[in-house]
Amino acid sequence: MPSMAANNFSRNTQYHQAKGDFLARKQKYEQQRKNLPIAAVERRLVEEVRNNDTLIIVGETGSGKTTQLPQYLFKGGFCRDGGIIGITQPRRVAAITVAKRVAEECGVPVGQKVGYAIRFEDVTSGETKIKYMTDGLLLREALLDPYLSKYSVIIVDEAHERTIHTDVLLGLLKNVQKARSKSINGVVNTDLNNSNNGHTFEERIDNQNTGILKPCQAKKYNPLKLIIMSASLDARVFSEYFGGARAVHVQGRQFPVDIFYTHKPETDCIDAALITIFQIHLEEGPGDVLVFLTGQEEIESVERLIHERLRQLPECSRKLLTFPIFSSLPLNCLRKLLTFPIFSSLPSEKQMKVFMPSPAGYRKVILATNIAETSVTIPGIRYVVDPGLVKARTYDPKMGVDSLIIVTTSKAQALQRSGRAGRDGPGKCYRLYQESFFEKLPDSTLPEIKRCDLSNVVLQLKALGIDDVINFDFIEKPDRTAVVNSLWSLYLLGAVTEDNKLSDVGHQMARLPVDPVYSKALIVASQFGCLKEMLICVAMLSVESIFYAPREKLEESRNALKSFASPEGDHLTLLNVYHAADEFFQKNRMVNSEEKAEKNLRKWCKDNFINSRSLKHARDIHSQILRNVEQMGLRVTSCEDDMLLLRRCLAASFFLKAAMKQPDGAYRVTLSGLIVQIHPSSVLFRAKPECIIFNELVHTNHSYVRNVSRIDYLWLIELAPQLYAAQD
DNA sequence: TCGATCATG
């Protein structure tokens with residue numbers, strides 16, 4: 001604390017300076033806001049929203065639509081009846097950063113007039129009128145408030161990305177809007193119930209009536225204004241889906257980007273990328289380079305090759321430059337190149353390095369996955385190298401297999417990538433394929449809803465009162481088999497009844513923010529008396545890989561794992577890790593501050609080859625679902641040391657994914673007949689027990705099962721008789 | 001003997 005004597009004067013000056021800063025900042029914001037392309041059409045936009053219940057806004061990058069439109073609508077009186085303006089984003093960081101920016105522009109602290117809400121974090125209050133949130137969170141809100149009654153306007157931003165949440169949300173909002181306008185006009189909806197005697201399961205799901213929300217008579221709602229914002233040039237899909245809704249176009253502000261193609265097809269993408277990187281480095285003007293690669297392994301090998309080739313350059317440029325070393329190099333060194341990898345599983349302090357400005361005379365080369373396409377915006381990029389490939393996830397609903405395969409990008413993706421070169425000035429994009437090849441690319445990427453397991457979506461929709469999921473008015477219909485299979489597994493889990501309605505258990509499951517198999521496991525565990533342990537298992541199974549094994553320290557990481565490993569399998573191993581981490585944290589917490597204890601926990605993770613980001617996430621999920629099950633009135637009891645009981649409970653929960661050992665040591669999945677191997681990262685990789693349950697089936701070089709535990713086949717007959725019968 | 005793109009509640 002400064003002494004009182006010196007204080008009077010300095011406090012005054014600080015006060016004046018702070019006030020001056022505030023005014024200057026406010027003026028600066030006003031100037032910036034006025035200069036945005038969208039500012040020129042403010043009045044027209046507000047009029048359009050007033051005159052149309054649904055509006056499509058196509059806004060190019062840099063138009064300012066995300067930050068400005070909600071402010072225009074607030075000013076235009078759309079919150080006057082007490083309603084609020086909700087804006088959804090596909091990603092959490094976007095929701096947070098945009099909310100902070102808008103709050104600053106309004107000169108208010110976040111959480112008052114302007115706020116945001118994401119999982120684990122609600123920074124809103126009774127005063128909040130402009131609320132940014134993730135699309136997944138709004139879907140969750142709909143479960144508690146099916147008419148989304150507190151919103152007068154909902155803006156779905158980045159709709160062109162077509163995340164699974166956005167697609168479900170669009171269908172839902174269409175229903176909500178219809179129901180709310182009917183509640184005003186007083187039209188009564190006759191909701192017919194069908195009988196389904198003598199029909200097969202498949203026929204029954206076909207014969208259901210379309211379930212839309214019943215207009216509520218007791219309470220009148222204001223009509224819901226719906227705004228769909230997209231960056232794709234083609235607004236037709238959205239407009240048609242919303243019954244020919246009006247679409248308006250808002251100009252963006254981007255610098256021009258020159259596109260270059262190769263003359264002939266490239267056979268070796270890595271080599272072509274390397275040649276291009278050096279060509280840019282040696283022949284082009286200043287500016288950083290962004291290279292799109294498919295995965296961690298490719299990034300690491302390109303990084304290695306760049307440094308190798310740097311060493312082969314003539315004397316004056318022959319320096320291997322990684323960040324902290326550059327200061328020792330002579331400043332007149334002509335060829336200065338720094339490489340920075342970025343991908344999602346990279347520890348965040350290493351990710352942050354890409355944002356440091358390149359030191360004078362140096363050129364940054366950023367080697368990125370598609371994380372740099374939308375999630376992360378790096379300033380200073382003038383050159384983009386795009387080999388035109390991406391690692392994409394696909395899902396086989398028949399077999400329940402996830403695969404990650406390298407495929408070509410879509411035209412929209414290529415455009416998005418090249419746009420990354422034109423944010424700070426005119427740029428250049430080098431596509432490592434021929435122009436004729438570009439013409440043949442698909443216009444846009446396959447929406448996520450066509451590429452993943454739908455049991456969660458189906459469960460959510462049913463919980464929202466939409467029973468006929470097959471005929472639900474999706475903007476793009478998911479594959480029929482994917483829906484049917486999800487319904488089938490929900491039926492086997494007891495979430496859906498024989499007549500295809502949500503059961504009581506199903507309603508309970510829908511309240512829990514985890515995958516249906518996991519929410520069922522929590523309910524089963526409460527009956528077995530091991531919910532305390534299952535909460536931990538589910539939290540640990542819900543996050544990315546907990547173990548971190550860098551190639552150069554394989555032996556060490558293997559030894560670290562040994563201290564947690566259980567001979568019964570990965571589930572008990574994960575439980576051991578969680579307990580060990582929690583014990584370490586609680587002991588630390590007694591003598592240290594929360595912050596210090598968190599920091600020590602991160603150190604503990606590093607020493608034990610555990611991914612601290614994943615563990616943190618698991619601990620967050622754990623506390624959230626613990627709260628949830630307590631609210632639901634489930635008894636949280638522990639089975640203490642009775643691991644047999646816990647394993648029986650695992651069998652009773654995960655019976656849909658079981659496999660039997662074959663004479664050759666491979667495994668045969670009981671339901672699909674698929675032949676798989678236990679993943680080498682599993683503690684059971686060598687032990688090879690007769691019968692296992694597992695949580696994940698992924699196909700890379702082989703079909704592998706991950707998160708595996710040893711069980712007794714007889715348990716399946718006993719605990720899942722609907723699927724398993726005694727063999728003679 | 002494996003390497004996982006990106007997200008979300």
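In the text below, chain A, chain B and the rest are named by the order of the sequence lines, each starting its count at 1. No experiment lies behind these values; they were computed from the predicted model shown.
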(Q) With rounding to the nearest 0.5 angstrom, report the OG to NE2 distance, A:Ser444 to A:His160. (A) 10.5 Å
Compile the donor-acceptor pairs under 3.5 Å between side chains in residues 504-521 of chain A and protein atoms, sequence neighbours left out, one pair per line.
residue: A:Ser519; atom: OG; partner: A:Pro516; partner atom: O; Å: 3.0
residue: A:Lys520; atom: NZ; partner: A:Leu493; partner atom: O; Å: 2.7

(Q) Just the rounded figure in Å: distance from P of B:dT8 to CD of A:Gln624. (A) 13 Å
Q: Could you check A:Arg686 against A:Gly136 and say which one's nearest nucleotide on DNA chain B is further toward the 5' end?
A: A:Arg686
**Q.** Strand contacts (DNA chain B) in residues 89-99 of chain A, 4.0 angstrom heavy-atom criterion
**A.** A:Pro90, A:Arg91, A:Arg92
Q) Contact class for A:Gln677 (heavy atom, under 4.0 Å): base, sugar-phosphate, or nothing? A) nothing
Q: Measure from the side chain of A:Thr134, starting at C-beta and using heavy atoms only, and say which of B:dG9, B:dT1, B:dG3 lies closest.
A: B:dG9
Q. Between A:Glu266 and A:Arg431, is there a salt bridge with N-O shorter than 4.0 Å?
A. no
**Q.** Presence of A:Asn370 side-chain N/O under 4.0 Å of B:dA7 phosphate oxygens OP1/OP2
**A.** no
(Q) Closest approach to the side chain of A:Ser375, judged atom by atom: which nucleotide of B:dG9, B:dA7, B:dT1 is it? (A) B:dA7
Q | Test item: A:Ser418 side-chain N/O and A:Ala414 main-chain N/O as donor-acceptor pair under 3.5 Å | A | yes
Q: In whole angstrom, give the distance that lies between atom CZ of A:Phe547 and atom P of B:dT1.
A: 22 Å
Q: Of all the heavy-atom pairs spanning A:Thr124 and A:Gly115, show the shortest one and how long it is.
A: CG2-C, 4.1 Å
Q: Could you check whether A:Ile118 gets within reach of a base, just the sugar-phosphate, or nothing at all, counting any heavy atom under 4.0 Å?
A: sugar-phosphate
Q | Gap between atoms CG and C1', on A:Leu293 and B:dT5 respectively (whole Å) | A | 12 Å
Q. Quick one: does NZ or CZ of A:Arg417 land under 6.0 Å from the six-membered ring centre of A:Phe292, within 45 degrees of the ring axis?
A. yes
Q) Looking across every strand, which nucleic acid part, if any, lies under 4.0 Å from A:Glu696 by heavy atom: base, sugar-phosphate, or nothing? A) base
**Q.** A:Pro680, nearest nucleotide to its side chain (from B:dT1, B:dA7, B:dG9)
**A.** B:dT1
Q: Could you check whether A:Arg558 gets within reach of a base, just the sugar-phosphate, or nothing at all, counting any heavy atom under 4.0 Å?
A: base
Q.
Between A:Arg140 and A:Thr700, which residue's closest nucleotide on DNA chain B lies nearer the 5′ terminus?
A. A:Thr700
(Q) Please classify the nucleic acid contact of A:Leu389 as base, sugar-phosphate, or nothing, using heavy-atom distances under 4.0 Å. (A) nothing
**Q.** Closest to the A:Asn701 side chain, choosing from B:dT5, B:dG3, B:dT1
**A.** B:dG3
(Q) Which nucleotide wins on minimum distance to the side chain of A:Asn456, given the candidates B:dG9, B:dT5, B:dC2? (A) B:dG9
Q: Report the relative orientation of the aromatic rings in A:Tyr433 and A:Phe438; use parallel for angles under 30°, tilted for 30 to 60°, perpendicular for over 60°.
A: parallel
**Q.** Separation of atom NE2 in A:His165 from atom C1' in B:dG9, rounded to whole Å
**A.** 6 Å
Q | Distance, rounded to the nearest Å, where A:Leu169 contributes CG and B:dA7 contributes P | A | 20 Å
Q.
With a cut-off of less than 4.0 Å, is there a side-chain N or O of A:Thr294 near OP1 or OP2 of B:dT5?
A. no
(Q) Both conditions, 6.0 Å and 45 degrees, for the charged tip of A:Lys606 above the ring of A:Phe609: are they met here? (A) no
Q: Give the rounded distance in Å between these two atoms: CG of A:Leu143 and P of B:dG9.
A: 14 Å
Q: Just compare B:dC6, B:dG9, B:dG3 and give me whichever is closest to any side-chain atom of A:His679.
A: B:dG3
Q.
Quick check for you: among B:dC2, B:dC6, B:dG3, whose closest atom lies nearest to any side-chain atom of A:Glu297?
A. B:dG3
**Q.** Shortest side-chain distance from A:Ile371, nucleotide among B:dC2, B:dA7, B:dG9
**A.** B:dA7
Q.
Run the ring pair (Phe, Tyr, Trp, His ring centres under 6.0 Å) test on A:His622 and A:Tyr578 for me, step by step, so that the C-alpha distance in whole Å, both residues' side-chain angles and the decisive distance to 0.1 Å come before the verdict.
A. CA-CA 10 Å; A:His622 179 263; A:Tyr578 191 95; 5.2 Å; yes
Q: Mind calculating the distance between CG (A:Leu404) and P (B:dA7) to the nearest angstrom?
A: 14 Å
Q: Nearest whole angstrom, please: distance from the C1' of B:dC6 to the CD of A:Glu448.
A: 9 Å
Q. Base, sugar-phosphate, or nothing: which does A:Phe120 touch, judged by heavy atoms less than 4.0 Å apart?
A. nothing
